[in-house]
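As a basis for the values below, the full set of heavy atoms in this structure was taken, side chains included, without hydrogen atoms, waters or symmetry mates. By convention in this document, chain letters (A, B, ...) are assigned in the order of the sequence lines, proteins followed by strands, and residues within each chain are numbered from 1. Nothing here was measured: the structure is a model prediction, and the numbers come from that model.
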There are 2 protein chains.
Amino acid sequence: MKEINYNDIPLFEGIHPDNLNKLLICINSFKKDFEKGETIIMEKDKVPYIGIVLFGNVHLLKEDIWGNSSLLSYVGPGELFGENFAVSVEQESSVTFVAVEKTRVLFLAASKIIHTCENACSFHARIAENMFHLLGQKSISYMNKLEIMSKESIRRKLMAYISTLAQQQKSKYIKAPLSRTQLADYLSINRSAMTRELGKMRDEGIIDFDRNTFVIK
Amino acid sequence: MKEINYNDIPLFEGIHPDNLNKLLICINSFKKDFEKGETIIMEKDKVPYIGIVLFGNVHLLKEDIWGNSSLLSYVGPGELFGENFAVSVEQESSVTFVAVEKTRVLFLAASKIIHTCENACSFHARIAENMFHLLGQKSISYMNKLEIMSKESIRRKLMAYISTLAQQQKSKYIKAPLSRTQLADYLSINRSAMTRELGKMRDEGIIDFDRNTFVIK
DNA sequence: GTTGGTTTGTTGCAATTGCAACAGTTTGAT
DNA sequence: ATCAAACTGTTGCAATTGCAACAAACCAAC
């Protein structure tokens, strides 16, 4: 597995590669590897660090008292996770973060980002600004999922989800980053009912799909 | 209607009242009143300003192409709205903000908060820090709603929602800030099915309620 | 290649939920 | 005080969805 190029990490946008090493030391960063299925952060854990996925994938899970676990969100290379807990006053996680495959994470001390640096390094202001942007975007992406989840039927949830993917990816061929089981989990719908509905939608000529690739017609 | 005390606005926490006036001018703030039902920000509008509710209430609505409108979130006195759009790079709103009653809003220029002040006023750092906290919290509150929405039945959605309220309010008597119709809208469930389920839950002795006040037993 | 475990597709049946229509209640404006 | 409009509760019926159980396909490890 290969790490994402640091220039392609949105949090570091606008920061010259030459300064990046200095910055990474300044904000107490460190890397850690996780095996497939390993828990990165447990519910109730304190989260003083922001995580950036360098390679692999992370799922945010929430388990309720009846043992039903649901997939709230997923995070891929270059993206942040745990930021919202790390920048809050109460830094206790309300969800569990799990590596769904072999994953490498870069951790950064949140306090070093939200408080202005003692040395007042110039790139510090830039990373704080980037952080604002990303926090806003993360909120918006949750609103987006709320919109999907508020659809009244399985069909409309699927359409809303696939449409969102289509917007992100440019191609006519939309590749879902989740397996069927995971997708059902993500949309909080019954897996077999979902398969049934997907079949109907294909029969009616609304969509087509092969494995994890979808096409809207 | 009376405005919330500025000392009770989380964004201004830790800022001495004497400095507040100076700050409010520095960050280009202005007030605006809205009548009941009036739209504050429309979908697709640019959102360069962060809104703070001084009195009244604001609902975040999302309408889809079939005309189904759903209530994503609500914002009361002292709370922010539009921050996530305002601090993002692309500042276009994806939802509509509506005053549900007579409402006064204090608007602040987001750019003045996320960029460090030219005058480098000391309280500027503090408001930026507060902003980080609040952005994190907002994200967490959306995750919270996602958790509620991912429940598989009306009953569990209601229980999850009422439990959330119970955590916020300390009292045994939980007052819902939404009417029945609004609540059904907020949880994306059928209103009459919700009423039916609430009745069943009362019959079974799980909860009790009178109008908008609930008690979990 | 073989094997065991996981994922996916299929289908009948039961249960929940949405829908529609209507009656009773509350609210707000004049 | 009166009236209209919006909100809330009720109920029968239809439709969607969840559930369970099983078969088929796929994957990974040896």
In whole angstrom, give the distance that lies between atom CG of A:L158 and atom P of D:dT16. 15 Å
Would you call B:K62 and B:E43 a salt bridge, taking side-chain N to carboxylate O under 4.0 Å as the test? yes
Is A:S139 reaching over with its side chain to a backbone N or O of A:G136, donor-acceptor style, under 3.5 angstrom? no
Fit a plane to each ring of B:Y74 and B:H59, take the angle between them on a 0 to 90° scale, and name the class: parallel (under 30°), tilted (30 to 60°) or perpendicular (over 60°). tilted
Please round to the nearest 0.5 Å and tell me the distance separating atom CD1 of B:I114 and atom CE of B:M131. 9.0 Å
Strand contacts (DNA chain C) in residues 53-65 of chain B, 4.0 angstrom heavy-atom criterion: none
Overall bend - the helix from C:dG1-D:dC30 to C:dT30-D:dA1, comparing terminal axes fitted on five pairs, nearest 10 degrees: 70°
B:R180 atom CZ is separated from C:dT25 atom C1', nearest whole Å, by 13 Å
Validate the cation-pi geometry between B:K151 and B:Y161: distance from NZ or CZ to the six-membered ring centre under 6.0 Å, angle to the ring axis within 45°. no
Does C:dT8 have its OP1 or OP2 closer than 4.0 Å to a side-chain nitrogen or oxygen of A:T181? yes
Under the 3.5 angstrom rule, does the side chain of A:K31 hit a backbone N or O of A:R104 as a donor-acceptor pair? no
Where does the angle between the aromatic ring planes of A:F30 and A:Y49 fall among parallel (under 30°), tilted (30 to 60°) and perpendicular (over 60°)? perpendicular
Below 30° counts as parallel, above 60° as perpendicular, anything between as tilted: where do the rings of B:F81 and B:F97 land? tilted
Would you kindly give the CG-to-P distance between B:D210 and D:dT8, to the nearest whole Å? 13 Å
Check: B:V87 and A:L135 side chains under 4.5 Å, non-hydrogen atoms: no
Generate the contact string for nucleotides 17-30 of chain D. Rules: B means base contact, S means sugar-phosphate contact only, - means no protein heavy atom under 4.0 Å. BBBB-----S----
What is the distance, rounded to the nearest whole Å, between atom CZ of B:R202 and atom C1' of D:dG9? 11 Å
Interatomic distance, A:D203 CG vs C:dT10 C1' [rounded to whole Å]: 13 Å
Should the ring pair A:F209 and A:F214 be called parallel, tilted or perpendicular, given that the plane angle runs from 0 to 90° and is split at 30 and 60? tilted
Heavy atoms of B:A99 and B:E35 approach each other most closely as CB-O, 3.7 Å
